[in-house]
Amino acid sequence: MTRKLIILTDPGQDQAAAILTILGQKQAFEVLGLVATAGNINLDHTIANCLKLMELAGRPDIPVFAGCSHPIIRPLVTAEHVHGPKGLDGPDLPPPSIKPQEKHGIDFIIDTVCAHPGEVSICSLSPVTNLAMALRKAPDIAGKIHEVVAMLGAYFEVGNITPAAEFNCYVDPEAADVVLKAGIKTTLLPLDVTHRMRSTPERLSAMRALANRCGVATAEMLEYSQAFDLNKYGWEGAPLHGPCVPAFMLAPDMFSGRQINVSVELNGTLTAGMTVADWWQTTDRPKNVFYVRDGDPVAYYDLLIQSLGNLP
């Protein structure tokens, strides 16, 4: 059965790999639109990067919407130190010839969910600012969203932007708090699982060996962005976060986790943006999230290579 998707994104090389993975699975996903947000880079660049990816994949028909240019309350924190000054550095992608839609991304989310009640899955690769703002503007859409599957949070692996917080949650913890309290069926793919999905040289070579433009471009993107993580962690490959979201949607048996409560720390001096995962059910807080803790990296990269191979 084909899932209707709205993709929330701030590409970002790993988000680009996730989007291309989705587009390589046309029988599984019907992408209704991309909503760009500020995150890894400012909004102007994330919009442009979304448009570039649609052209790279031969899908200029998929609409791209501009969302919020900053978090709900806090000043924007970006990650050029990882993703480069344009956020999608690595391959030489030409300026996009297609344009974003005029409708704001928040209104697109609301209108689309209302037009397809119970059918739309939210695939979140970025801070969840736009979804939170949509829920604030139209609270009734919470009961009409089929599910939210998000790359967000960390607990056992702790943080990657601060010692306690994962980047997507840290950028806009108030937004994450809104979404996690909305009563929507939600799955989180945190650093606890994404750190296990490492882009080793052999896996990047397999992408390049596809010899199609999407496979080669993805290898070039990840070769660029891996430098920071390889230096930071000293692993044999950099973690590949974003594609965990479509991989879980395509093959949930590839992963393991449990239904737990996850709450967001909003006020901590040292822990702002931390996702507090009640893994052992030590509180009576409601279980609001399926929290994915582990996965199979071999099957993961096999799926990614297969998906990229389906593209131009």
Side-chain angles (χ1 to χ4, degrees), residues 7-25 34 36-41 45-46 49-50 52-53 56-57 77-91 93 123-128 149-154 157 159-161 166-171 188-201 203-204 206-208 214-233 235-250 254-255 292 295 297 300-301 303-305 307-308 311:
I7 301 174
L8 312 181
T9 184
D10 59 340
Q13 290 88 350
D14 71 296
Q15 293 90 340
I19 291 165
L20 294 174
T21 299
I22 291 167
L23 298 182
Q25 298 286 342
L34 278 67
T37 190
N40 282 318
I41 196 76
H45 280 113
T46 61
N49 291 344
C50 287
K52 289 177 182 180
L53 290 170
L56 175 69
V77 175
T78 57
E80 289 95 334
H81 62 288
V82 178
H83 300 285
K86 295 181 180 179
L88 203 58
D89 291 65
L93 300 178
C123 168
S124 182
L125 311 172
S126 65
V128 291
V149 186
M151 195 277 116
L152 185 137
E157 284 286 305
N160 64 350
I161 186 65
E166 177 272 329
F167 181 83
N168 284 342
C169 195
Y170 181 76
V171 168
L188 295 188
L189 285 298
L191 298 184
D192 304 313
V193 63
T194 69
H195 274 190
R196 301 178 188 277
M197 307 303 183
R198 301 174 189 172
S199 295
T200 62
R203 289 164 179 164
L204 294 179
M207 295 177 189
R208 190 179 288 277
C214 288
V216 172
T218 302
E220 291 174 346
M221 292 176 202
L222 299 179
E223 286 163 357
Y224 179 94
S225 62
Q226 72 176 353
F228 177 83
D229 283 336
L230 293 179
N231 181 64
K232 178 179 180 179
Y233 298 113
W235 293 335
E236 77 283 6
L240 185 53
H241 311 287
C244 284
V245 175
F248 179 86
M249 299 177 84
L250 288 162
M254 189 189 301
F255 299 90
V292 181
Y300 177 73
Y301 279 93
L303 176 60
L304 265 60
I305 297 299
S307 299
L308 292 171
L311 295 171

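Numbers for residues simply follow the sequence, beginning at 1.
Listed for the Asn168 side chain is a donor-acceptor partner under 3.5 Å among the backbone atoms of Leu125. Side-chain atoms of Lys86 never come within 3.5 Å of backbone atoms of Asn49 as a donor-acceptor pair (strictly under, hydrogens ignored).
Thr78 places none of its side-chain heavy atoms less than 4.5 Å from the side chain of Ile41. Under the 4.5 Å side-chain criterion, counting only non-hydrogen atoms from C-beta, Leu56 is in contact with Cys214. Between Glu157 and Val193, every side-chain heavy-atom pair lies at or beyond the 4.5 Å cut-off. At a threshold of 4.5 Å between non-hydrogen side-chain atoms, the residues Val292 and Leu188 do not count as touching. Counting heavy atoms from C-beta on, the side chains of Pro190 and Leu152 never come closer than 4.5 Å. In this structure, Tyr300 and Arg196 have side chains that are not in contact, with every pair of non-hydrogen atoms separated by 4.5 Å or more. In this structure the side chain of Leu240 reaches within 4.5 angstrom of the side chain of Leu304, judged on heavy atoms.
For the atom pair Leu93 CG and Glu220 CD, the distance stands at 8.5 Å (nearest 0.5 Å). The CG atom of Leu230 lies 10.5 Å from the CH2 atom of Trp235; values are rounded to the nearest 0.5 Å. Note: Met151 CE to Phe167 CZ = 11.0 Å, rounded to the nearest 0.5 Å. A distance of 10.0 Å separates OG1 of Thr218 from CG of Leu204, quoted to the nearest 0.5 Å. Taking SG of Cys244 as the start and CG of Asp192 as the end, the distance is 11.0 Å to the nearest 0.5 Å. Between the NE2 atom in His45 and the SG atom in Cys50 there is a gap of 13.0 Å [rounded to 0.5 Å].
Judged as a side chain to side chain donor-acceptor pair (under 3.5 Å), and not counting sequence neighbours, the contacts of Tyr301 are Ser199. Residues satisfying the side-chain contact (heavy atoms from CB on, under 4.5 Å) test with Ala219, not counting sequence neighbours, are Met207, Arg208, Glu223. Every residue two or more places apart in sequence or in another chain that forms a ring pair (Phe, Tyr, Trp, His ring centres under 6.0 Å) with Phe255 is listed here: Phe248. Under the salt bridge (Lys or Arg N to Asp or Glu O under 4.0 Å) criterion, Glu236 pairs with Arg198, sequence neighbours left out. Annotation: side chain to side chain donor-acceptor pair (under 3.5 Å) contacts of Thr37 (sequence neighbours excluded): Asn130. For Tyr170, the ring pair (Phe, Tyr, Trp, His ring centres under 6.0 Å) criterion is met by no residue, not counting sequence neighbours. The side chain to side chain donor-acceptor pair (under 3.5 Å) check on Thr194 picks up His241, with sequence neighbours excluded. Every residue meeting the side-chain contact (heavy atoms from CB on, under 4.5 Å) condition with Pro297, not counting sequence neighbours, appears here in chain and number order: Met197, Arg203. Every residue meeting the side chain to side chain donor-acceptor pair (under 3.5 Å) condition with Ser307, not counting sequence neighbours, appears here in chain and number order: Gln25. Considering only residues two or more places apart in sequence or on other chains, Val82 meets the side-chain contact (heavy atoms from CB on, under 4.5 Å) condition with Phe228.
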Only distances under 3.5 Å count here; give the side-chain donor-acceptor pairs of residues 8-20 to other protein atoms, sequence neighbours excluded, each with its distance to 0.1 Å.
unit_1	atom_1	unit_2	atom_2	d
Asp10	OD1	Gln15	NE2	3.0
Asp10	OD2	Asn40	N	2.7
Asp10	OD2	Asn40	ND2	3.4
Gln13	OE1	His83	ND1	2.6
Gln13	NE2	His83	O	3.0
Gln13	NE2	Asp89	O	2.9
Asp14	OD2	Gly242	N	2.8
Gln15	OE1	Asn40	ND2	3.4

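Nearest heavy-atom pair, Ser124 versus Val245, reported as atom, atom and distance to 0.1 Å: O-CG2, 3.9 Å.
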